[in-house]
Amino acid sequence: MNDDVTIDPWGSSQSTDYSGIIDKFGLSSMESVTVPNPSKLHRRGVIFAHRDLDVVLESKRKTEPFGVLTGLMPSGKMHLGHSMVIDQVSWFQQQGGDVTIAVADLESNATRGVSLSDGKKIAREEYVSNYAALGLDPEKTTVYFQSERNIVQKLGFQLGKRTNLSELEAIYGFDGSTNLAHVQAPLVQAGDILHPQLDEFGGLRPIVVPVGVDQDPHLRLTRGLASKTNWFNVNDAKMGLQVGVSVQEENSIALGVESTGRVNKEKQKEVFSKIVDRISSLGFSDIMSNPKHGTVNIPSATSRDKSSIRLALLSLEREMGGMGLMAPSSTYHRFAVGMTGDKMSSSKPKSTLFLHDDVASAEKKIKKSFSGGQSTVEEHRRLGGDPDKDVAYQYMMYFFEEDDSYLSEINHDYRAGKILAGEMKQLCIDRASEWLNNLSEMRDQTAHLIDQFFE
Ligand code: TRP
């Protein structure tokens with residue numbers, strides 16, 4: 001089933017069968033989520049899938065803290081595709097999330113051959129300057145380098161023992177010839193994603209990772225790694241929820257299992273009463289503790305209570321000496337088509353607009369871009385154009401046009417043959433010019449804020 005749907009985070013092509021991706025990798029569709037204050041990317045279905053987004057939306061609703069973490073690979077110029085992640089980050093920031101951004105200088109060094117010092121320069125001049133211009137708030141955003149945050153590397157190393165080559169093979173399609181940089185990079189990325197929960201970096205709270213869907217393999221890996229460290233698992237039961245205690249090498253003494261395998265009944269009782277206390281402090285009363293089976297049942301709890309029970313038990317785990325890591329949430333955006341019809345890439349300047357492009361070169365690229373129009377005016381008037389394939393229209397939808405009703409009007413008129421392909425391009429050129437000019441002005445106005453992002 002869906003054998004042709006693959007995701008390779010380092011690949012040069014990208015599957016666009018989004019519903020196939022949802023099915024195959026177990027993502028949740030955004031269709032069933034009601035997003036408060038939706039951004040244009042939400043309204044237009046560009047953000048199409050998520051994992052556990054409800055956990056983060058619930059924190060927002062209760063005005064409880066949540067964090068946002070994403071990363072950038074400093075390997076070239078920042079282009080429109082990269083700005084989509086920043087749109088998502090910025091939206092979460094407006095909803096109250098604190099933001100951390102990883103500069104994947106180690107990954108870029110190992111997988112793309114970019115030196116650490118070039119990586120630094122690119123991150124600052126290409127990316128962070130545009131983050132400031134795109135409206136990220138420097139007071140609520142921290143940008144760091146993988147190579148400089150020891151704890152990230154340490155966490156990646158420690159989590160390595162929770163996986164093995166077979167799992168990486170299954171997730172990424174690795175084989176015997178795979179360079180080990182591709183094994184290390186995902187572990188460091190797991191460190192990136194999980195470290196904001198550590199006490200020195202804001203403490204236990206839900207973390208959401210907005211990314212392009214090419215990054216989902218890393219999220220699958222990271223979510224698995226976090227769960228495997230957990231001492232207490234919360235799952236659906238026949239009635240309500242069930243907590244399962246997971247005895248592991250590093251926690252067996254704390255959980256009352258001696259090295260001989262003998263159970264210390266007293267200690268075990270103590271552990272289970274701590275679990276029951278935590279759960280009852282959330283307001284549940286009918287709690288059934290079954291130390292012999294290693295379980296605690298909460299028949300009156302529903303799926304909606306899962307994350308608050310999880311959080312309570314993760315904090316108990318931390319007090320007892322465990323890491324208490326919560327599996328991250330994530331959101332995924334679709335990829336805008338490259339201007340030439342294939343994938344956008346920094347190494348193919350004609351495939352996209354760079355955020356530093358001037359209006360003249362943007363105009364040139366849009367004029368030459370892949371069109372959804374018919375080959376003659378006569379045919380176009382008769383058969384209409386296809387906005388789904390038309391780069392000019394697509395770029396207005398993804399990037400430049402805020403007004404939904406105007407967008408649906410030109411969509412309709414294009415299909416009806418009233419707007420010609422050249423006219424659509426001109427509309428896009430006008431909007432893109434406005435957008436790029438505005439961005440460049442904002443870059444000048446916010447240049448003095450760049451240092452603050454690194455503090
Ligand atoms: N691997 C990501 C990329 O190729 C960059 C990255 C590093 C990242 N760490 C991250 C993305 C953490 C999201 C979260 O672009």
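From a predicted model like this one, the values you see are computed outputs, not experimental measurements. First listed ligand is number 1; within each ligand, the first listed atom is number 1.
Protein heavy atom closest to atom 9 (N) of ligand 1, with residue, atom name and distance, is Asp192 OD2, 2.8 Å. Distance from atom 3 (C) of ligand 1 to its nearest protein heavy atom, with residue and atom name: Gln215 NE2, 3.5 Å. Protein heavy atom closest to atom 13 (C) of ligand 1, with residue, atom name and distance, is Gly71 N, 3.3 Å. Remark: minimum distance from atom 6 (C) of ligand 1 to any protein heavy atom is reached at Gln189 OE1, 3.6 Å. Looking from atom 15 (O) of ligand 1 to the surrounding protein, the closest heavy atom is Met73 CB, 3.8 Å.
Distances below 4.0 Å separate heavy atoms of Leu69 from the following atoms of ligand 1: 12 (C), 14 (C). Taking a cut-off of under 4.0 Å to the non-hydrogen atoms of Thr70, the atoms of ligand 1 that pass are 13 (C), 14 (C). Within ligand 1, counting atoms from 1 as listed, the ones closer than 4.0 Å to a heavy atom of Val211 are 13 (C). Listed by number with element, the atoms of ligand 1 under 4.0 Å from a non-hydrogen atom of Glu107 are 1 (N), 2 (C), 4 (O), 5 (C), 7 (C).
Thr340 and Asp342 are linked by a side-chain donor-acceptor pair at a separation below 3.5 angstrom, with hydrogens and angles left out of the test.
The number of heavy atoms from other shown groups lying within 6.0 Å of CG (Leu282) is above 12. Taking a 6.0 Å sphere around CZ of Arg162, one finds it holds more than 12 heavy atoms contributed by other residues, nucleotides or ligands.
A distance below 6.0 Å separates the ring centres of Phe145 and Phe454. Ring centers of His218 and Trp10: under 6.0 Å apart, within the cut-off. Between Phe354 and His82, the distance separating the two ring centers is not shorter than 6.0 angstrom.
The N/O atoms of His218, backbone and side chain alike, include none that comes under 3.5 Å of an N/O atom in ligand 1.
No donor-acceptor pair closer than 3.5 Å links the side chain of Asp52 to the backbone N or O of Val55.
Under 4.0 Å from ligand 1, not a single heavy atom of Val188 appears.
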Table please: side-chain donor-acceptor pairs of residues 136-143 below 3.5 Å, with sequence neighbours left out.
| unit_1 | atom_1 | unit_2 | atom_2 | d |
| --- | --- | --- | --- | --- |
| Asp137 | OD1 | Glu139 | N | 2.9 |
| Thr141 | OG1 | Gln93 | NE2 | 2.9 |
| Thr141 | OG1 | Asp137 | O | 2.7 |

